[in-house]
Amino acid sequence: MTDRLIHDRLHLNGEWVETEQRLEVTDPATGEVIARVSCAGEEHWEAALDAAATAAPVIAGTPARERSEMLRRAFEIMSERTEDLARLITRENGKVLADARSEITYAAEFFRWFAEEAVRVRGDFRAAPSGDKTIIVDHQPVGVSVLVTPWNFPSAMVTRKLAPAIAAGCPVVLKPASQTPLSALAVVDILTEAGVPPGVVNVVTADPPGPVVSHLLSDPRVRNLSFTGSTAVGRELLRQAADRVVRTSMELGGNAPFVVLDDADLDRTVAAAMVAKMRNGGAACTAANRFIVQQRIAEPFAEAMRVAMEELRVGPGLDDDTTLGASVSLSERDKIADLVSGAVERGAEVLTGARVPEGPGAFYAPTVLQVDAEDPLLDSEIFGPVAPITTVADDAEAIALANRGEAGLISYVCGGDVGRALGVARQLDAGMVAVNRGVISDPAAPFGGTKQSGLGREGGFEGIHEFLESRYIGVDL
Ligand code: NAP
């Protein structure tokens with residue numbers, strides 16, 4: 001049962017702490033209140049920082065092998081609890097169980113990957129070209145880190161930060177999304193059972209989030225901010241971090257183009273397009289947000305997408321036969337509906353969907369639209385089950401349209417001639433490019449964007465370095 005995994009209090013210095021002010025966590029499929037979670041006030045932000053600062057030398061001084069073993073145990077515990085944790089995600093977020101289960105697998109993999117990385121941080125020993133000294137480079141934990149995470153992957157976005165922080169030897173104060181704090185709080189249990197010392201992981205839920213994060217960033221003990229969320233909030237936090245020159249990692253919004261070249265295999269491309277679009281009900285920073293299709297294949301592609309979208313079964317994510325769950329809230333669902341109705345008013349052709357289904361719950365019908373390349377919908381992150389398709393003449397036009405705008409997180413290319421598809425892929429301005437695939441997120445690969453999609457990389461060999469400082473020691477031997 002998921003209920004035994006539900007925590008509704010803050011986690012400070014290894015203790016669960018109850019407060020008077022509460023925020024309601026609601027199941028968006030039914031409107032049912034699942035929990036009323038304690039919110040942090042100033043004394044709790046201070047207590048979280050005190051605990052993290054006290055734990056800093058403890059976790060930094062714990063041998064890498066021991067930190068690695070804690071993370072490996074966390075991977076095992078989380079994997080054993082997959083089903084219950086997945087149900088918890090579905091209840092607070094609305095996504096279907098299949099997506100929630102893959103999220104837990106993905107989330108647990110960050111513990112396994114960084115358990116392996118914790119013991120592989122390499123330094124450097126070199127002779128200065130001038131011959132006057134020896135250069136030694138080692139890597140130190142950056143120190144107290146503030147982590148801020150979004151609602152769309154309530155577990156994986158938390159472990160993608162916590163695992164490298166612990167691997168590197170950094171204590172944290174985590175502020176999870178207020179719509180989905182339960183999955184983050186459930187991860188705390190796992191880390192405690194895995195042997196992570198008190199004070200290393202402190203969780204402060206807050207409503208509103210601005211004052212707590214601003215306060216944390218203004219405290220001289222905080223050395224690092226790792227944020228995942230929208231570009232608008234990321235920009236604001238970068239401004240605040242600038243005041244104390246706090247180091248930042250920013251995983252921000254996307255607007256992924258999905259380019260279909262005219263020699264692409266239709267069935268394979270539509271299968272990839274559906275995964276790229278519909279994983280998480282379209283609420284992924286990596287979600288294909290605009291389909292840029294070459295003329296020769298445009299009509300059959302649009303028709304096949306219409307058919308595939310109409311085959312989805314919309315309903316509460318906990319029902320095993322549902323393939324599209326609810327949006328996280330009615331207001332998120334309404335944002336999607338507004339984006340679609342704006343495009344339709346401007347002349348977009350509705351191939352299917354474009355409506356709010358009758359009945360309760362934050363649902364939106366799977367939608368396919370044919371839109372003009374200039375339509376502003378193609379410049380907005382939709383974050384829902386909507387596939388706008390636009391047609392282009394050739395590779396150059398596809399590349400120019402794909403590279404338009406401020407986002408550069410991920411791009412997709414499908415084509416029959418892999419050499420040609422790779423040639424296009426290399427001209428796309430994005431931190432990640434998927435060729436003939438609908439999903440490429442992998443804890444072993446560097447995740448992150450160009451342009452205003454962010455700064456830094458999570459996962460891969462790079463991820464641990466977001467929590468380490470290089471230190472150079474010059475020695476006269
Ligand atoms: P969001 O509104 O930016 O919120 C993200 C986090 O920031 C939440 O914890 C939120 O708290 C907090 N926050 C909001 N306003 C704040 C403020 N003024 N000061 C400090 N903290 C603040 O984003 P979201 O709607 O949760 O998530 C969707 C966005 O995240 C999309 O743009 C998506 O592309 C992006 N995303 C990016 C990645 C990536 O890896 N690049 C991954 C996942 C999602 P509350 O919950 O209390 O509002």
Side-chain angles (χ1 to χ4, degrees), residues 21 23-26 37 39-40 45 92-93 95 103 106-107 110 146-161 173-184 203-218 225-241 248-256 279-289 327-329 331-333 335-336 380-384 406-410 430-432 440-443 445-460 463 466:
Q21 193 204 339
L23 59 84
E24 283 188 350
V25 182
T26 310
V37 177
C39 290
W45 316 334
E92 66 174 346
N93 168 281
K95 69 178 74 176
E103 178 176 346
Y106 181 49
F110 284 106
V146 172
L147 317 180
V148 182
T149 55
W151 53 261
N152 66 332
F153 287 97
S155 187
M157 295 303 95
V158 165
T159 61
R160 196 166 79 175
K161 297 183 189 306
V173 179
L174 164 67
K175 210 280 317 151
S178 51
Q179 296 181 99
T180 57
L182 303 178
S183 298
V203 185
V204 288
T205 33
D207 182 23
V212 58
V213 179
S214 301
H215 179 92
L216 293 171
L217 290 178
S218 69
L225 164 68
S226 177
F227 172 77
T228 298
S230 61
T231 300
V233 174
R235 266 192 217 109
E236 173 52 31
L237 295 184
L238 276 168
R239 280 190 203 102
Q240 293 182 23
T248 58
S249 305
M250 291 277 152
E251 296 288 346
L252 307 179
N255 178 8
R279 188 165 74 109
N280 244 22
C285 52
T286 51
N289 202 54
S327 191
V328 73
S329 64
S331 65
E332 277 299 317
R333 190 274 311 277
K335 275 192 218 163
I336 299 164
S380 316
E381 193 180 17
I382 303 170
F383 239 55
E406 67 182 35
L409 188 63
I410 181 167
M432 302 174 282
I440 56 168
S441 303
D442 188 321
F447 188 107
T450 61
K451 296 196 274 183
Q452 295 187 38
S453 286
L455 301 167
R457 293 293 181 267
E458 290 191 324
E466 301 289 324

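Just so you know, ligand 1 is whichever comes first in the structure, and atom 1 is the first atom listed for that ligand.
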Check: What do you reckon, does Phe153 put a non-hydrogen atom under 4.0 Å from ligand 1?
Finding: no
Checklist line | Side-chain (Ser453) to main-chain (Gly253) donor-acceptor, under 3.5 angstrom | finding: yes
Item checked: Heavy-atom donor-acceptor pair, Glu92 side chain to Ser183 backbone, under 3.5 Å -> yes
Check: Is Glu458 touching ligand 1 with its side chain, its backbone, both, or neither, if touching means heavy atoms under 4.0 Å apart?
Finding: neither
Checklist line | Where ligand 1 meets Phe383 - atom numbers and elements under 4.0 angstrom, heavy-atom basis | finding: 28 (C), 31 (C), 33 (C), 34 (O)
Checklist line | Donor-acceptor contact below 3.5 Å, side chain Arg160 vs main chain Ser155 | finding: no
Notebook entry, point to check: Of the protein's non-hydrogen atoms, which lies at the shortest distance from atom 41 (N) of ligand 1, and what is that distance?
Noted result: Leu252 O, 2.7 Å
Checklist line | Donor-acceptor pair, side chain of Thr159 and main chain of Ala107, under 3.5 angstrom | finding: yes
Next item on the list: Provide the number and element of each atom of ligand 1 under 4.0 Å from a heavy atom of Phe447.
Entry: 39 (C), 40 (O)
Next item on the list: Answer yes if the side chains of Ser249 and Lys161 hold a donor-acceptor pair under 3.5 Å, and no otherwise.
Entry: no
Check: Which part of Val213 is near ligand 1, with near meaning a heavy atom under 4.0 Å away: side chain, backbone, both or neither?
Finding: side chain
Checklist line | Atoms in ligand 1 flagged as close to Leu237, the criterion being non-hydrogen separation under 4.0 Å | finding: 19 (N), 20 (C)
Check: Do Leu225 and Met250 come close enough that some side-chain heavy atom pair is under 4.5 Å?
Finding: yes
Next item on the list: Among all protein heavy atoms, pick out the one at the shortest distance from atom 9 (O) of ligand 1; state its residue, atom name and that distance to 0.1 Å.
Entry: Thr149 O, 2.7 Å
Check: Could you go step by step and tell me if Val173 and Trp45 meet the side-chain contact (heavy atoms from CB on, under 4.5 Å) rule?
Finding: CA-CA 9 Å; Val173 179; Trp45 316 334; over 6 Å; no
Notebook entry, point to check: Does one side chain, of Gln452 or Thr231, offer a donor that lies under 3.5 Å from an acceptor on the other?
Noted result: no
Note to self: A side-chain contact here means heavy atoms from C-beta on lying under 4.5 Å apart; do Leu237 and Thr248 qualify?
What the structure shows: no
Margin query: Any side-chain to backbone donor/acceptor pair from Glu251 onto Gly454? Under 3.5 Å, distance only.
Written below: no
Next item on the list: Can you sort out which atoms of ligand 1 are near Gly253, meaning under 4.0 Å from one of its heavy atoms?
Entry: 32 (O), 34 (O)
Item checked: Heavy-atom nearest neighbour in the protein, as seen from atom 26 (O) of ligand 1, with distance rounded to 0.1 Å -> Trp151 CD1, 3.0 Å
Next item on the list: Heavy atoms only: give me the nearest Cys285-Phe447 pair and the separation to one decimal.
Entry: SG-CZ, 3.9 Å
Next item on the list: For Asn280 and Lys95, indicate whether the former's side chain and the latter's backbone hold a donor-acceptor pair under 3.5 Å.
Entry: no
Note to self: With a 4.0 Å cut-off on heavy atoms, is Glu381 in contact with ligand 1?
What the structure shows: yes
Margin query: Within ligand 1, which atoms have a heavy atom of Leu409 less than 4.0 Å away?
Written below: 41 (N)
Note to self: Between Ser214 and Gln240, do the side chains contain a donor N or O and an acceptor N or O under 3.5 Å apart?
What the structure shows: yes
Next item on the list: Identify the protein heavy atom lying closest to atom 19 (N) of ligand 1, giving its residue, its atom name and the separation to 0.1 Å.
Entry: Gly210 CA, 3.6 Å
Check: Pro209 heavy atoms, cut-off 4.0 Å: which ligand 1 atoms fall inside?
Finding: 11 (O), 13 (N), 14 (C), 15 (N), 16 (C), 21 (N), 22 (C), 45 (P), 47 (O), 48 (O)
Note to self: Under 4.0 Å from atom 24 (P) of ligand 1, can you find at least one protein heavy atom?
What the structure shows: yes
Checklist line | Contacting atoms of ligand 1, where contact means under 4.0 angstrom from a heavy atom of Val148 | finding: 6 (C), 7 (O), 9 (O), 12 (C)
Checklist line | Heavy-atom nearest neighbour in the protein, as seen from atom 10 (C) of ligand 1, with distance rounded to 0.1 Å | finding: Lys175 NZ, 3.8 Å
Note to self: Taking 4.0 angstrom as the limit and counting only heavy atoms of Arg160, give me the atoms of ligand 1 inside it, by number and element.
What the structure shows: 39 (C), 40 (O)
Check: Is Ser178 in polar range of ligand 1, meaning some N or O pair under 3.5 Å apart?
Finding: yes
Item checked: Nearest neighbour in protein (non-hydrogen) for atom 36 (N) of ligand 1 -> Cys285 CB, 3.6 Å
Next item on the list: Return yes if some donor-acceptor pair links the side-chain N/O of Gln21 with the main-chain N/O of Ala40 below 3.5 Å, else return no.
Entry: no
Checklist line | Residue and atom name of the nearest protein heavy atom (relative to atom 15 (N) of ligand 1), distance in Å to one decimal | finding: Val233 CG2, 3.6 Å
Note to self: Which residue and atom name correspond to the protein heavy atom nearest atom 3 (O) of ligand 1, and how close is it?
What the structure shows: Ser230 OG, 2.6 Å
Notebook entry, point to check: For ligand 1, is there an atom lying under 4.0 Å from some heavy atom of Gly254?
Noted result: yes
